[in-house]
Amino acid sequence: MSATFTDDLTPPQRAAAEHIHGPLLILAGPGSGKTRVVTRRIANMLAHGISQRQILAITFTNKAAGEMAERVQSLVPGTKVWISTFHRFCARLLRQYGEAVGLQSNFSILDTGDQKQGIRRVLSDLDFDPLHYSPDKVLWRISTAKNDLLTPERYQERFDSSVGDHWQAVVRRVYPAYQKWLLESNAVDFDDLLLHTANLLAENPELRETLGDRYRYILVDEYQDTNIAQYQIVAAMAQRHRNLCVTGDPDQSIYGWRGARIENILRFERDFPETKTIRLEQNFRSTQAILESADALIVNNTQRKHKSLLTDNTAGEPVQLLRFEDSQHEAEGISKQIRQLLAEDGLNWSDVAIFYRVNSLSRQLETTLMRQRIPFQVAAGVAFYDRVEIRDLLAYLRLIDNPADQAAFLRIVNKPLRGLGKTSQDRLVAWAGQQGVTLLEAAARADKISKLSKKAVLGFKAFAGMLERFSLASSGSVADLLTHVVDKTRYTAAWQGIENEQAYEHLANVDELVNAARQYDEIAGSEVSLQGFLEQTALVSDTDKIQDDAGRVTLMTLHAAKGLEFPAVFVIGVEDGLIPHERSKRDGNRKEVEEERRLLFVGMTRAKQRLFLTETRVRSLHGKTMPTIASPFLTELICEKVDCGTFGGDTLAAWSRVMQGVPFDEDSQEEPDDEPQIIESSSPPASAQPVAPALTTGAALLTGAGATAPRLPLGFAMGQQVRHPRYGRGTVIEIGGFGPRRTVTVAFADSDRKETFVVSKAPLQPVGN
DNA sequence: AATTGTGTAGTTTTT
DNA sequence: CTACACAATT
């Protein structure tokens with residue numbers, strides 16, 4: 001019976017899947033079928049009569065958790081093994097047991113924006129100049145400390161006994177105050193979820209045993225990315241029954257900068273000496289050419305145990321290094337290459353991915369891909385839950401759920417405007433501090449605060465009363481509550497009936513949040529709770545939203561690419577200073593450069609059939625164009641160099657002329673303006689229909705539902721309906737100029753005005769189409 | 001009190 | 001270049 005789950009595995013895979021009791025370390029190289037092994041192993045355990053309730057699987061991303069759950073489901077229908085991310089698992093635990101660390105069960109999970117707000121407050125309370133001590137940097141230090149399991153007390157101890165820089169002196173004072181602020185707010189930040197849980201387990205032997213007994217079989221994915229806190233949590237729970245299985249690959253450790261410790265692998269073997277170690281080295285994903293190239297790169301890491309990358313796959317095409325003049329040509333060249341892959345290799349849009357080291361590289365790419373009408377999705381952009389309206393409304397919900405939430409209170413007390421300005425707010429905060437009450441309580445009793453203006457007193461009281469009524473209304477449907485909040489606060493009033501792009505967006509965002517809430521209501525069913533919804537929103541990320549088969553090319557950072565695979569991969573900007581990144585090379589820091597090498601390795605090993613790296617001769621960053629230096633990694637890996645510079649740019653130039661009215665970028669001005677425009681009669685392949693890039697929203701990812709698609713700046717034609725952010729809708733009544741100086745004249749509907757724009761400069765968007 | 005302008009700083013960021 | 005925080009306005 002169990003054999004059915006492990007029959008078709010290779011011997012090492014099978015050995016891993018059939019190992020049930022005792023600690024197990026699976027070292028799984030890229031493309032070695034790790035997820036397959038892990039899910040089979042769970043199925044096999046179930047087949048051996050282990051109760052699903054005793055199994056706990058922990059991943060780092062929601063996506064990985066979802067995928068794993070789905071695959072276990074399909075192997076053993078009807079199972080409910082708890083597969084969760086570290087943070088979600090800890091959140092659940094803290095809701096139940098958090099009292100011991102000073103948390104009430106309705107604690108809020110703060111996003112980075114709120115954290116910054118809190119730090120700002122603390123800094124000013126302690127009379128630190130936030131100009132000299134940027135909240136970001138302080139927060140970073142605190143986060144690092146938390147990842148290393150240093151509580152404020154331990155941090156101070158350590159500081160006392162070491163030399164330390166002056167940052168430590170600052171953090172030493174700020175960290176405890178920040179932590180106090182958090183607890184007063186009944187709130188945690190992301191790192192706290194782990195830190196509190198680890199402390200709870202460390203200080204509470206009974207809890208350790210309870211959980212150890214409940215989760216007798218624990219599985220941790222991407223183990224090389226665990227930090228000290230995560231290690232301690234897992235080790236504490238597995239201490240008793242010792243059925244801990246971890247999977248990882250030291251070569252894919254790319255989160256060292258976030259506190260991840262590869263050493264946790266060595267430590268695992270030390271703490272669990274009876275560990276069985278299994279290596280999965282056969283690669284089922286990539287061609288030989290890709291693997292050889294990636295291997296040639298990674299062997300340059302000195303801090304590394306030798307590991308082979310083997311495959312029975314075909315030799316495949318050589319890895320190509322495409323070299324361009326600048327990023328414009330790079331983007332165009334990639335577009336062209338993608339079309340070729342579609343035409344000649346029979347690939348689809350969704351088979352192609354483009355990776356880059358820094359998000360800022362995606363912008364130019366996006367613009368060009370749009371012009372070239374290549375459908376794409378970006379795993380980043382403006383995150384849905386980062387938008388102001390969303391965060392405002394979520395703050396309302398958070399304050400309803402957790403009246404102690406200071407960040408939420410301050411964010412919304414004057415939104416929409418209620419005439420409760422900074423001065424009044426500061427007085428309220430001071431008074432609440434003296435009285436030891438929450439800001440909301442202080443607002444309710446504003447008449448007791450001496451220095452407040454009459455207007456402010458009334459405003460605060462009205463606000464508190466409104467929140468009071470919201471709390472009463474907050475049972476059942478989250479969507480209904482949210483609608484109620486929007487309604488009563490008149491949050492959208494300022495945008496209603498205003499015809500401009502921004503107002504339109506704001507309203508759409510609000511609608512989308514309501515949708516997300518409604519979908520949450522449906523999924524949660526009788527389990528529905530405001531807290532559940534808030535937790536969901538706090539713990540989802542941008543990368544969760546990328547769809548596997550969206551019919552679009554996928555753009556993302558190298559970090560986000562981990563765990564994915566694509567038939568064709570482009571890694572752009574393989575240049576010194578980008579990969580390896582400038583910051584990693586400071587002080588000759590070998591360790592960080594090795595992490596950069598692993599990052600490129602991860603990117604390369606995502607590719608199944610075709611792998612392209614690109615570099616340019618000049619690159620613009622921070623508004624400055626600089627000649628580039630080749631990445632030292634390029635001399636290590638094996639590739640074929642292909643020059644596609646401006647000189648060889650005949651075909652590139654042709655491509656940019658394909659679309660009528662598509663403006664040239666100024667960079668490509670070598671195209672004479674007076675040259676007649678070539679209008680290709682042959683339209684792009686059928687599959688090249690201008691599919692809008694789906695900037696899938698966070699709302700959609702909550703449910704996996706469809707995407708909203710913004711309008712594309714396609715070519716403009718006479719009579720074309722367009723929208724301008726300031727002037728609104730209009731009609732193109734004239735087209736003039738060529739190349740970079742292409743202009744359109746638009747007659748606007750609302751204002752009787754006609755304006756002429758240089759197409760390449762104006763924020764005009766086509767409507768309808 | 002809210003809008004407008006000016007300065008600064010800018011990897012990666014599973015959660 | 002561009003986003004964002006803070007200062008200087010009316």
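Values below: every heavy atom of this structure, side chains too, minus hydrogens, waters and symmetry copies. Below, chains carry the letters A, B, ... as their sequence lines are ordered, and counting in each starts from 1.
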Sugar-phosphate, base or nothing in reach of A:Asn414, heavy atoms under 4.0 Å: sugar-phosphate
Across the strands shown, which category fits A:Thr423 at heavy-atom distances under 4.0 angstrom: base, sugar-phosphate, nothing? sugar-phosphate
Over all strands shown, is A:Arg418 touching base, sugar-phosphate only, or nothing at heavy-atom distances under 4.0 angstrom? nothing
Ionic contact status for A:Arg71 with A:Glu67, cut-off 4.0 Å: no
With rounding to the closest Å, how many angstrom separate the C1' atoms on B:dT14 and C:dA3? 25 Å
Provide, to the nearest angstrom, the distance between the NZ atom belonging to A:Lys116 and the P atom belonging to C:dA5. 6 Å
Among B:dA1, B:dT13, B:dT14, the one nearest A:Phe60 by side-chain distance: B:dT14
C:dC6 OP1/OP2 closer than 4.0 Å to side-chain N/O of A:Arg120: yes
Nearest-nucleotide comparison on DNA chain B, the residue closer to the 5′ end among A:Glu592 and A:Ala260: A:Glu592
Tell me: CZ of A:Arg387 to C1' of C:dC4, nearest whole Å? 18 Å
Whole-Å distance between B:dT11 P and A:Leu600 CG? 20 Å
May I ask you to say what A:Tyr255 touches in the nucleic acid, namely base, sugar-phosphate or nothing, with a heavy-atom cut-off under 4.0 Å? base
Would one find more than 12 heavy atoms of other residues, nucleotides or ligands at under 6.0 Å from atom CZ of A:Arg92? no
In whole Å, measure the gap between the P atoms of C:dC4 and B:dT13 for me. 16 Å
With heavy atoms under 4.0 Å as the rule, sort A:Arg357 into base, sugar-phosphate or nothing. base
Between C:dA3, B:dA1, B:dT13, which nucleotide has the shortest distance from any of its atoms to the side chain of A:Arg363? C:dA3
Just how far, in rounded Å, is P of B:dT14 from CD of A:Gln224? 16 Å
Ignoring backbone atoms, test whether A:Asn359 places a side-chain nitrogen or oxygen under 4.0 Å from the OP1 or OP2 oxygen of B:dT13. yes
So, A:Tyr255 and A:Asn227: side-chain donor and acceptor under 3.5 Å apart, yes or no? no
What's the closest nucleotide to the side chain of A:His622 if the choices are B:dA2, B:dG10, B:dT14? B:dG10
Mind checking if A:Asp225 touches a base, just sugar-phosphate, or nothing, with heavy atoms under 4.0 Å? base
Among B:dG10, B:dT12, B:dT14, which is the nearest nucleotide to the side chain of A:Lys137? B:dG10
Tell me the interatomic distance from A:Leu599, atom CG, to B:dT14, atom P, rounded to whole angstroms. 13 Å
For atom CD1 of A:Ile579 and atom P of B:dT12, their distance in whole Å: 12 Å
What is the distance, rounded to the nearest whole Å, between atom CG of A:Leu110 and atom P of B:dT13? 21 Å
Is A:Leu578 touching bases, backbone alone, or none of the nucleic acid, heavy atoms closer than 4.0 Å? nothing
Calculate, to the nearest 0.5 Å, the distance between atoms CD1 and CD1 belonging to A:Ile218 and A:Ile233 respectively. 11.0 Å
Report yes or no: is the ring centroid of A:His559 under 5.5 Å from the six-membered base ring centroid of B:dT12, with the two planes under 30 degrees? no
Compare every heavy atom of A:Val174 with every heavy atom of A:Leu126, then report the nearest pair and how far apart it is. CD1-CA, 3.9 Å
According to the interplanar angle, ranging from 0 to 90°, do the rings of A:Trp82 and A:Phe89 count as parallel (below 30°), tilted (30 to 60°) or perpendicular (above 60°)? tilted
Is there a side-chain contact between A:Thr557 and the phosphate of B:dT13, meaning an N or O under 4.0 Å from OP1 or OP2? yes
What integer distance in Å separates A:Ile119:CD1 from C:dA5:P? 15 Å
